[in-house]
Structure formats: structure tokens, C-alpha cells
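One structure is given below, encoded as C-alpha cells.
All of these numbers come straight from a predicted model, not from anything done at the bench.
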Amino acid sequence: CGMRDPIRDEVPSMVQKARKAGYDIVMATGDHKGTGEYVARETGILYDDYTIATGTELDAVLADEARWSKTKAFARVTPEDKLQLLRAYHDKGVMIAMTGDGVNDVPALAGADVAIAMGESGTDIAQKAADIVLLDDSFSSIVQGIEEARHIFYTIRRVVLYFFSTNAAEIMIILFSVALNLTLPVYPIQLLWLNFVSDGFLDVGLSFEPHEEGLLEHTWLQRAHRGGLFDVRLVWTIMYLAF
């Protein structure tokens, strides 16, 4: 007699999208090693020559950098093992988002940078320890959340670029006119009118733009996301457009 809990159809593609977005996915489960490896390969967490290790091998894996870099799944792990693994990644300067649903996940959830619990199957204590609770228990919701965050960041960056470049241009006009002792080409009331027309309606239009294609795959957006809203490239673009 056999029983199988099938993997959701969308998970392999979502794992691939998350990896393209620059996120590394590691699975830690208390299940048997054979079960864990099957699920990890079905979902695409394990691919090519990446391997799985058990909780008893954890110390040896973490001590061997080459082996650790090739291990993306861990089976037969205890709550202490999950917490040890999380702290090891933290020591490398990696930011961790941890998903879990059981009591055994609580220590790692509490130690993660972003704790994500399951809303349907998750225990009450796991949900209380989490920063985010998934109402549908779907991994795709995490990836869609990442994509929405990228869209928000991209939209804010786009509006800031437009707003600062148009205003910097107006400032340059005044500065150059004063420096060269020329008659001001625009009056204050005209500047107010320009700001009202250009910054009011068009900024709203930019902020409601639909999602760009391939937001998760844009490497420049990943770099900008890590560097913050204002980076050197954005400042130079503002100055160039303003001039």
C-alpha cells in the first residue's frame, strides 16, 4: 500500500523564477532522506550535481565549504539542526527567509530575517512566530510577493527619476540665468504652473503603470535593489536628463 502527497504543479516553475531573481533555495526537512531528495529534485531545488545531506552530517557539511556550496537540501534534521544551519548562513552574511508550519520550525522562524508561516496547515505557535502568514500555503505566493515588491521599488525609482530630473532642470535654468546675468526665462508663477502640470498628473500616471516584463530577471534591478533607492547610476541619469 502506498500513499503519495503530490507536489503542486506550479512549484517547479516558481522555484526557477525565484532562482532567476537571485534567491538561493535550500530545503530542510525532518523526512527520510529518500523522500526529501525526491521532493527536492521534483521541485528543482536539487539539480545537476547538487546533493542532499542528513542532520547527522550537518557539522561535517558546514565545515567543508566546497561540500556546503553543493548541498541544497537537508533531511532528518531536528529543530536544533535548522537553527544551526540558519546561523551558519547568517555568519556568511546571507539574509534568510524561513518558511515553516510546525512547532519544530519555531526556533528557526524566530531567528530568521523574514519568517513565513503557513496559514492553513500551520500551527498557532508557528504563525505567532512569523512575520508573514500565507493564507493559501502556496510557495507561488512568496514569489509573487517578491515580484510585487520589485514592481513597487521600480515604480518608486521611476517616479523619483522623473520628479528629480524635471525639478533639477528648472533649478539649472534659474542658476544659469543668474550666473550669466540674463533675464529669467520663466516667472515664479510659470514655475508653479509647470510643477502643477508636469509633476501632478504625470507622476500619478507613472505610479499606476502595469508590471514590466521580466522584473525578476532584470540584473540591473537586482543590483539597484541591493544598493538602495539612490545609487550612482540614478544620480548621473538625473543630472544627464536635467541638463
Side-chain angles (χ1 to χ4, degrees), residues 5-31 35-47 50 52-53 55 58 62 68 71-154 156 211 215-217 221-222 225-226:
D5 186 12
I7 297 163
R8 297 192 185 193
D9 294 336
E10 74 275 7
V11 173
S13 62
M14 289 297 166
V15 168
Q16 192 70 15
K17 285 185 72 173
R19 189 174 291 117
K20 285 182 178 179
Y23 294 87
D24 196 16
I25 301 173
V26 177
M27 185 182 77
T29 176
D31 289 336
T35 306
E37 182 170 8
Y38 177 80
V39 171
R41 295 212 177 272
E42 281 283 290
T43 55
I45 295 173
L46 284 183
Y47 60 100
Y50 288 100
I52 186 172
L58 184 59
L62 297 181
W68 186 11
T71 306
K72 298 297 181 187
F74 297 86
R76 286 297 187 204
V77 292
T78 63
E80 292 81 5
D81 292 334
K82 292 180 181 179
L83 189 58
Q84 181 186 355
L85 183 62
L86 184 140
R87 286 173 174 167
Y89 277 111
H90 270 162
D91 290 341
K92 292 180 69 175
V94 178
M95 184 174 286
I96 301 292
M98 165 77 184
T99 63
D101 59 0
V103 176
N104 62 329
D105 296 317
V106 172
L109 284 171
D113 298 291
V114 181
I116 306 170
M118 305 299 117
E120 291 182 346
S121 61
T123 57
D124 288 342
I125 191 170
Q127 293 178 15
K128 284 182 171 61
D131 302 303
I132 300 170
V133 177
L134 298 180
L135 299 180
D136 59 358
D137 289 10
S138 176
F139 182 76
S140 62
S141 295
I142 299 175
V143 180
Q144 289 164 7
I146 293 170
E147 188 170 15
E148 185 65 28
R150 292 273 176 92
H151 170 67
I152 292 169
F153 178 80
Y154 182 56
I156 293 173
H211 283 211
L215 273 176
L216 293 178
E217 291 81 19
L221 186 57
Q222 293 175 29
H225 202 265
R226 288 192 295 269

Got a second to check how far [X]'s [atom1] is from [Y]'s [atom2], nearest 0.5 Å?
{"X": "Glu148", "Y": "Ile146", "atom1": "CD", "atom2": "CD1", "answer": "12.0 Å"}
{"X": "Ile25", "Y": "Leu46", "atom1": "CD1", "atom2": "CG", "answer": "11.0 Å"}
{"X": "Met118", "Y": "Ile132", "atom1": "CE", "atom2": "CD1", "answer": "10.5 Å"}
{"X": "Phe139", "Y": "Ile7", "atom1": "CZ", "atom2": "CD1", "answer": "12.5 Å"}
{"X": "Tyr47", "Y": "Arg41", "atom1": "OH", "atom2": "CZ", "answer": "11.0 Å"}
{"X": "Leu83", "Y": "Thr78", "atom1": "CG", "atom2": "OG1", "answer": "9.5 Å"}

Any [X] side-chain heavy atom under 4.5 Å of [Y] side chain:
{"X": "Asp137", "Y": "Glu120", "answer": "yes"}
{"X": "Leu85", "Y": "Leu62", "answer": "yes"}
{"X": "Thr43", "Y": "Met14", "answer": "no"}
{"X": "Tyr89", "Y": "Val26", "answer": "yes"}
{"X": "Tyr154", "Y": "Leu215", "answer": "yes"}
{"X": "Lys17", "Y": "Glu147", "answer": "yes"}
{"X": "Ser138", "Y": "Glu10", "answer": "yes"}
{"X": "Arg19", "Y": "Val15", "answer": "yes"}

Please name the pair of heavy atoms, one in [X] and one in [Y], separated by the smallest distance, quoted to 0.1 Å.
{"X": "Ala126", "Y": "Ala117", "value": "O-CB, 3.5 Å"}
{"X": "Ala75", "Y": "Asp31", "value": "CB-O, 3.5 Å"}
{"X": "Arg76", "Y": "Gly30", "value": "NH1-O, 3.2 Å"}
{"X": "Lys72", "Y": "Ile45", "value": "O-CG2, 3.6 Å"}
{"X": "Glu42", "Y": "Pro12", "value": "O-CG, 3.5 Å"}
{"X": "Val106", "Y": "Ala129", "value": "CG1-CB, 4.1 Å"}

Would the number of heavy atoms belonging to other residues, nucleotides or ligands and lying under 6.0 Å from CG of Asp9 be above 12?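 Incorrect, the count does not exceed 12.
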Enumerate, atom names and distances included, each donor-acceptor pair closer than 3.5 Å involving a side-chain atom of residues 90-102, sequence neighbours excluded.
unit_1	atom_1	unit_2	atom_2	d
His90	NE2	Asp113	OD2	2.9
Lys92	NZ	Glu65	OE2	3.1

Does any N or O in the side chain of Arg150 come within less than 3.5 Å of the main-chain N or O of Ala21, such that one atom is a donor and the other an acceptor?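 Yes, Arg150 side chain to Ala21 backbone: donor-acceptor pair under 3.5 Å.
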Side-chain (Gln16) to main-chain (Gly44) donor-acceptor, under 3.5 angstrom: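 Here the side-chain-to-backbone pair does not exist.
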Pair Val133, Gln127 - check side chain to side chain contact (heavy atoms under 4.5 Å, CB included), show working. CA-CA 6 Å; Val133 177; Gln127 293 178 15; 4.2 Å; yes
Give the C-alpha distance, both sets of side-chain angles, the deciding distance and a yes or no for side chain to side chain contact (heavy atoms under 4.5 Å, CB included) between Val77 and Leu58. CA-CA 9 Å; Val77 292; Leu58 184 59; 5.7 Å; no
